[in-house]
Amino acid sequence: MNALDVDAVRKDFPILDREVNGNPLVYLDSGNTSQKPRQVIDAVREHYELHNANVARSVHTLGTEATEAFEGAREKVAAFVGAGTAAEIVFTKNSTEAINLVAHAFTAGAQDPRLRLGPGDEIVITEMEHHSNIVPWQLLAQRTGATLRWFGLTDEGRLDLSRLEDLINERTKLVSVVHYSNLLGTINPVDVLVARARQVGALVLLDGSQSVPHIPVDVTALGADFVAFTGHKMLGPTGIGALWGRFELLDAMPPFLGGGSMIETVAMTGSTFMPPPARFEAGTPPIAEAVGLGAAVDYLSAVGMDAIQAHEKQLTAYALDALAATPDVRVIGPTDTADRGATISFTVDGIHPHDVGQILDDEGVQVRVGHHCARPTCVRFGVPATTRASFYLYTTISEIDALVRGLERVRKVFA
Amino acid sequence: MNALDVDAVRKDFPILDREVNGNPLVYLDSGNTSQKPRQVIDAVREHYELHNANVARSVHTLGTEATEAFEGAREKVAAFVGAGTAAEIVFTKNSTEAINLVAHAFTAGAQDPRLRLGPGDEIVITEMEHHSNIVPWQLLAQRTGATLRWFGLTDEGRLDLSRLEDLINERTKLVSVVHYSNLLGTINPVDVLVARARQVGALVLLDGSQSVPHIPVDVTALGADFVAFTGHKMLGPTGIGALWGRFELLDAMPPFLGGGSMIETVAMTGSTFMPPPARFEAGTPPIAEAVGLGAAVDYLSAVGMDAIQAHEKQLTAYALDALAATPDVRVIGPTDTADRGATISFTVDGIHPHDVGQILDDEGVQVRVGHHCARPTCVRFGVPATTRASFYLYTTISEIDALVRGLERVRKVFA
Amino acid sequence: MKLDQLYQEIILDHYKRPHGRGLREPFDAEAHHVNPTCGDEVTLRVSIKGDTVADVSYEGMGCSISQASASILHELLKGGTVEESLRRHEAFAELMGGRGQVEPDEAVLEDAVAFAGVARYPARVKCALLPWMAYKDALARAVPEEEKA
Amino acid sequence: MKLDQLYQEIILDHYKRPHGRGLREPFDAEAHHVNPTCGDEVTLRVSIKGDTVADVSYEGMGCSISQASASILHELLKGGTVEESLRRHEAFAELMGGRGQVEPDEAVLEDAVAFAGVARYPARVKCALLPWMAYKDALARAVPEEEKA
Ligand SMILES: Cc1ncc(COP(=O)(O)O)c(C=O)c1O
Ligand SMILES: Cc1ncc(COP(=O)(O)O)c(C=O)c1O
């Protein structure tokens with residue numbers, strides 16, 4: 001494994017040259033959305049300047065080029081996450097759509113018993129989910145009469161597995177769990193959950209929105225049935241996400257959105273549908289966005305996901321130490337680097353995160369404040385909101401120093 | 001109204017400098033997707049290079065800039081289509097999602113009687129719909145037991161309105177009609193349909209995928225309840241579309257996709273939702289794409305939609321004349337320019353559209369061949385497929401000449 | 001310094017020593033408002049006696065801006081007439097929507113002019129408005145439309 | 001000229017004067033295949049006598065490439081053994097998937113080598129394969145797995 005050359009990496013990200021409020025930009029909000037390297041921005045521009053056309057519909061040259069670029073991106077993404085075939089990658093608009101797509105496959109009348117859901121059946125999530133992995137299941141439970149249950153959390157910010165056997169049981173149809181929490185930074189024990197789900201015949205969806213960008217993910221090795229992830233958090237454009245699913249299972253699922261390109265044949269009296277992934281990609285897909293995402297995974301692979309993980313671990317250890325040394329800071333989530341990612345939420349005694357974020361912004365330091373779309377996690381830890389710093393391959397140790405300096409200024413303003 | 005300066009316009013579209021198979025590119029497939037001006041490509045690039053951040057979630061400077069750019073784009077799009085307020089514009093990934101979003105608002109148990117749908121209720125479409133305005137209603141009819149009915153077409157390619165009163169009746173809950181057909185080029189009489197729908201209390205959705213890019217559209221004046229359209233056909237990026245809806249009606253609709261940013265508050269036991277448009281925009285939206293679409297409508301407005309319409313009318317008249325003069329060509333759709341747009345489908349006697357398209361491609365002429373995602377329209381006219389030329393603001397008369405010359409070569413190869 | 005305009009002394013004072021905080025009886029109506037992006041919450045009660053705003057009491061979690069705004073609202077509206085409170089509400093909303101371009105009228109807004117700087121921070125405008133929106137909502141419930149006419 | 005490689009004389013001949021077109025009796029299985037992007041369709045029947053492909057009959061709508069491909073398929077497979085037909089099927093599929101990089105074996109593919117140029121046009125490969133996919137499907141139905149063993 002080659003070590004990551006952060007100075008070289010930073011040169012690829014045009015936005016890092018920017019100033020914010022007269023200070024150099026210190027972007028510590030990559031968990032929210034990542035910045036984009038020149039290579040991705042250029043790939044999108046070049047696509048529009050040279051190859052733009054609709055896909056899968058044309059015999060003309062531009063259409064063929066666009067289709068090859070689009071399907072080529074699917075192959076790159078498939079390889080990046082270790083999918084068996086490119087046909088297991090469904091392009092969506094974001095993680096959220098990917099999760100909703102799976103939720104809509106479950107109905108009372110489903111042909112496949114695995115997807116049949118009604119009163120008495122259970123779906124299991126956790127108290128550390130992003131709203132995008134909570135609300136779709138609440139809505140599904142409302143539609144079908146199924147029951148939504150969830151894992152609680154330990155004070156350390158880990159899944160409380162003491163009730164594993166009770167929570168995942170014979171009635172469980174689906175376990176949908178975040179791989180890497182966007183608020184706590186916790187990386188969950190997928191193997192334990194998958195093993196138990198297999199025992200009872202439940203399907204497993206992993207919300208990989210934070211893991212796929214930051215750690216090497218091999219969907220086949222993980223053993224889940226579905227993994228959802230999103231382009232904009234992994235150096236790619238906005239407007240694109242993906243659902244990986246085992247082909248056999250995708251093929252058992254009914255269509256979600258109906259429209260062009262997902263059909264086999266249409267008559268006024270009824271239609272038949274394409275096999276996956278086309279079945280789930282109604283209408284014109286995010287073509288330029290796929291091309292950009294392809295460039296993003298090329299970039300990540302060139303740097304090396306192992307190197308990125310090692311770099312982020314170093315940053316996380318440094319930041320956790322630095323924050324531990326500040327008495328008025330309380331970290332919400334694991335306080336050592338075992339099974340945790342480079343996302344650190346914390347509170348500052350007596351000062352609301354909004355005010356923390358505002359003063360840090362004045363110093364050029366961009367952190368996210370609020371409930372991070374994981375309000376139940378905040379409730380669990382008795383805080384209305386947190387301040388969150390999240391790192392990526394372009395983050396430096398001196399940016400963490402800037403954060404710590406910024407926190408001193410926060411204290412001064414509110415002294 | 002200023003006339004359109006097509007030479008000046010063409011300079012803004014980098015792709016038009018390209019060659020295809022050794023010939024200058026003649027792009028006659030804008031009905032499929034439009035090309036993008038420099039101004040749009042640059043707006044997307046600049047967003048990523050300078051202002052990229054997630055929206056609606058941050059207090060930091062980049063987040064504020066991105067949010068203002070995103071919401072500013074919503075205001076531009078709202079003004080472009082004459083919406084009452086920006087809150088009436090829901091950003092989707094394309095037209096297809098916009099139509100599906102409306103379809104999913106109809107359920108057996110809907111609170112609002114307008115959205116309550118079950119056996120005995122009827123949805124009305126037409127035989128000239130794009131698959132994206134057929135399949136969602138077939139799926140909805142399957143889910144709810146409602147009946148799908150449709151207008152037939154005259155031999156001229158117009159809606160057969162002779163059964164208007166029968167088709168739109170007291171049982172009709174929704175009339176969903178294409179504004180401007182992507183296969184025939186027909187522009188439908190919205191006023192007649194809306195007037196009848198109002199008499200019986202049915203809602204009206206217009207598929208504006210082809211009209212919004214090509215003619216001045218004022219959603220308020222049209223009098224429909226919903227209008228769906230898509231960014232990539234109107235000089236904008238892929239990955240973004242929009243649903244306009246009357247605010248009161250959007251506000252009566254339940255959420256569709258669940259997730260981040262569409263919620264008011266989330267507890268494990270239940271959630272409440274934001275008012276429109278946020279309610280329908282779960283997850284990270286297509287941010288850079290919205291910025292690009294904003295630049296696209298700025299561009300269209302600067303050229304002038306009236307000027308674009310006049311330019312396209314001129315091209316259409318010229319092309320219809322030229323094709324009428326070729327004995328082996330049969331135009332499918334209206335053969336004069338009244339109530340028709342700049343999209344012309346035709347067949348060439350004895351030669352399959354695939355072969356027509358292939359030989360035209362060899363000449364650099366990019367036309368679409370196939371059923372154009374409107375297979376029932378092909379069936380109605382007894383053809384398996386057509387060749388389609390579609391024009392836009394950058395199309396020239398000499399490109400139509402290139403098409404006609406290309407058709408001569410087609411004849412020669414298959415002589 | 002831009003930041004000093006946001007965190008004016010008056011705002012920090014009200015934040016650290018809020019006036020009239022706590023939910024009190026009697027009251028005619030209560031409103032609970034949430035800022036969904038950040039989770040800030042306020043519960044606010046009004047007590048109306050004839051034409052007069054007899055009390056405004058509140059409880060909430062939030063940043064300095066929303067908390068100080070609630071405290072100043074209490075100071076400004078309590079004891080005045082309902083009509084006056086609506087005038088002040090309007091002036092405050094106008095100031096907040098003005099992106100820093102609106103000159104506040106000190107006669108109407110008194111201490112609340114300190115919020116002029118907040119208007120430059122679009123992300124914080126909602127914080128400042130939170131208690132005011134709750135006030136308007138509570139007032140509407142306390143004084144039904146018919147009665148106002 | 002690239003285009004001449006696509007529209008070779010042999011292909012145009014088969015298109016204009018298709019061999020063995022029409023659906024005939026007797027047959028053991030039928031398959032109907034559609035190319036969803038363009039709407040091309042083919043219905044194809046096979047009649048198997050012992051080890052021999054006694055007849056391949058077909059009917060369809062489509063472009064020159066798919067029609068000529070069906071005609072050549074008929075020529076090539078009819079009268080041969082089932083095993084031979086599968087070998088030819090494989091060679092044809094390999095040629096089509098080769099993006100113009102596969103050298104076709106004329107001994108196996110005979111007239112079908114004319115399709116070498118089609119492999120350079122990804123959008124047309126599906127046209128050429130349409131009748132071959134239908135053949136494979138029909139054959140699988142005519143000769144159940146157990147019997148083959
Ligand atoms: C009339 C019509 N409706 C709907 C669509 C679907 O648009 P999109 O593919 O962007 O969802 C199209 C274009 O493909 C169209 O022409
Ligand atoms: C853990 C997690 N899940 C889901 C999401 C939703 O992703 P998106 O907004 O791209 O749909 C996010 C990010 O916002 C996330 O961090």
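To find a chain, count down the sequence lines: A is the first, B the second, and so on, and within it residues start at 1.
Taking each heavy atom of E289(B) and G239(A) in turn, the nearest pair found is OE1-N, 4.0 Å. Taking each heavy atom of C373(A) and G260(B) in turn, the nearest pair found is SG-CA, 4.0 Å. Taking all atoms of both residues into account, the shortest heavy-atom contact from M268(A) to P376(B) is SD-CB, 3.5 Å. Nearest heavy-atom pair, L139(A) versus F273(B), reported as atom, atom and distance to 0.1 Å: CD2-CZ, 4.0 Å.
Checked by atom type and distance alone, the side chain of S132(A) never pairs as donor or acceptor with a backbone atom of G283(B) at under 3.5 Å. Remark: side-chain polar atoms of D29(B) are not paired, donor with acceptor, to backbone N or O of A53(A) under 3.5 angstrom.
Only the side chain of I125(B) comes within contact range of chain A, judged by heavy atoms closer than 4.5 Å. Within the 4.5 angstrom heavy-atom criterion, only backbone atoms of P285(B) (N, CA, C, O) approach chain A. For F13(B), no part lies near chain A; criterion is any non-hydrogen pair under 4.5 Å. With a threshold of 4.5 angstrom between heavy atoms, L50(B) approaches chain A through its backbone and through its side chain. Of the atoms belonging to V40(B), not a single heavy atom falls under 4.5 Å from chain A. Neither the backbone nor the side chain of I99(B) comes within less than 4.5 Å of any heavy atom of chain A. Neither the backbone nor the side chain of V379(B) comes within contact range of chain A; no heavy atoms are under 4.5 Å apart. The contact between T126(B) and chain A is made entirely by backbone atoms, counting heavy-atom distances below 4.5 Å. For L257(B), the parts sitting under 4.5 Å from any heavy atom of chain A are the backbone and the side chain alike. The contact between Q138(B) and chain A is made entirely by side chain atoms (from C-beta outward), counting heavy-atom distances below 4.5 Å. Both the backbone and the side chain of I287(A) come within contact range of chain B, judged by heavy atoms closer than 4.5 Å. Using a 4.5 Å cut-off between heavy atoms, H104(B) contacts chain A through its side chain alone, with no backbone atom that close. With a 4.5 Å cut-off on non-hydrogen atoms, D17(B) does not touch chain A at all. The contact between I134(B) and chain A is made entirely by side chain atoms (from C-beta outward), counting heavy-atom distances below 4.5 Å.
Looking only at heavy-atom pairs under 4.5 Å with chain B, the residue among M262(A), H51(A), H372(A), E129(A) that has the most is H51(A). For chain A, the option among G270(B), A374(B), S34(B) with the highest count of heavy-atom pairs below 4.5 Å is G270(B). Per-residue heavy-atom pair counts under 4.5 Å with chain B were compared for L360(A), N52(A), T269(A), V135(A), and the maximum is reached by N52(A). Ranking L148(B), T33(B), L16(B) against chain A, the residue ahead of the rest is T33(B), based on heavy-atom pairs under 4.5 Å. Interface remark: of the candidates A282(B), G357(B), G63(B), A282(B) forms the most heavy-atom pairs closer than 4.5 Å to chain A. For the set R38(A), E127(A), H354(A), Q35(A), the entry with the most heavy-atom pairs within less than 4.5 Å of chain B is Q35(A).
Annotation: the span from H371(A) atom NE2 to I263(B) atom CD1 amounts to 4.5 Å, rounded to 0.5 Å. Note that the CG atom of D42(B) and the CZ atom of R45(A) stand 8.5 Å from one another [nearest 0.5 Å]. From S30(A), atom OG reaches atom CG of N54(B) across 11.5 Å, with rounding to the nearest 0.5 Å. A distance of 11.5 Å separates CD1 of I15(B) from OH of Y48(A), quoted to the nearest 0.5 Å. Of the inter-residue distances, the one linking L25(A) atom CG with H60(B) atom NE2 reads 9.0 Å to the nearest 0.5 angstrom. Between D361(B) atom CG and L62(A) atom CG the span is 8.0 Å, to the nearest 0.5 Å.
By the 4.5 Å heavy-atom criterion applied to side chains, N21(A) and T61(B) are counted as neighbours. Two residues are said to be in side-chain contact when any heavy atoms from C-beta on lie closer than 4.5 Å; T265(A) and H131(B) fail this criterion.
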Exercise for review: Check the pair R18(A) / E65(B) against salt bridge (Lys or Arg N to Asp or Glu O under 4.0 Å), numbers first and verdict last.
Suggested key: CA-CA 13 Å; R18(A) 231 196 97 149; E65(B) 290 174 5; 2.6 Å; yes

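Under a 4.0 Å N-O distance rule, the pair K93(A)/E97(B) qualifies as a salt bridge.
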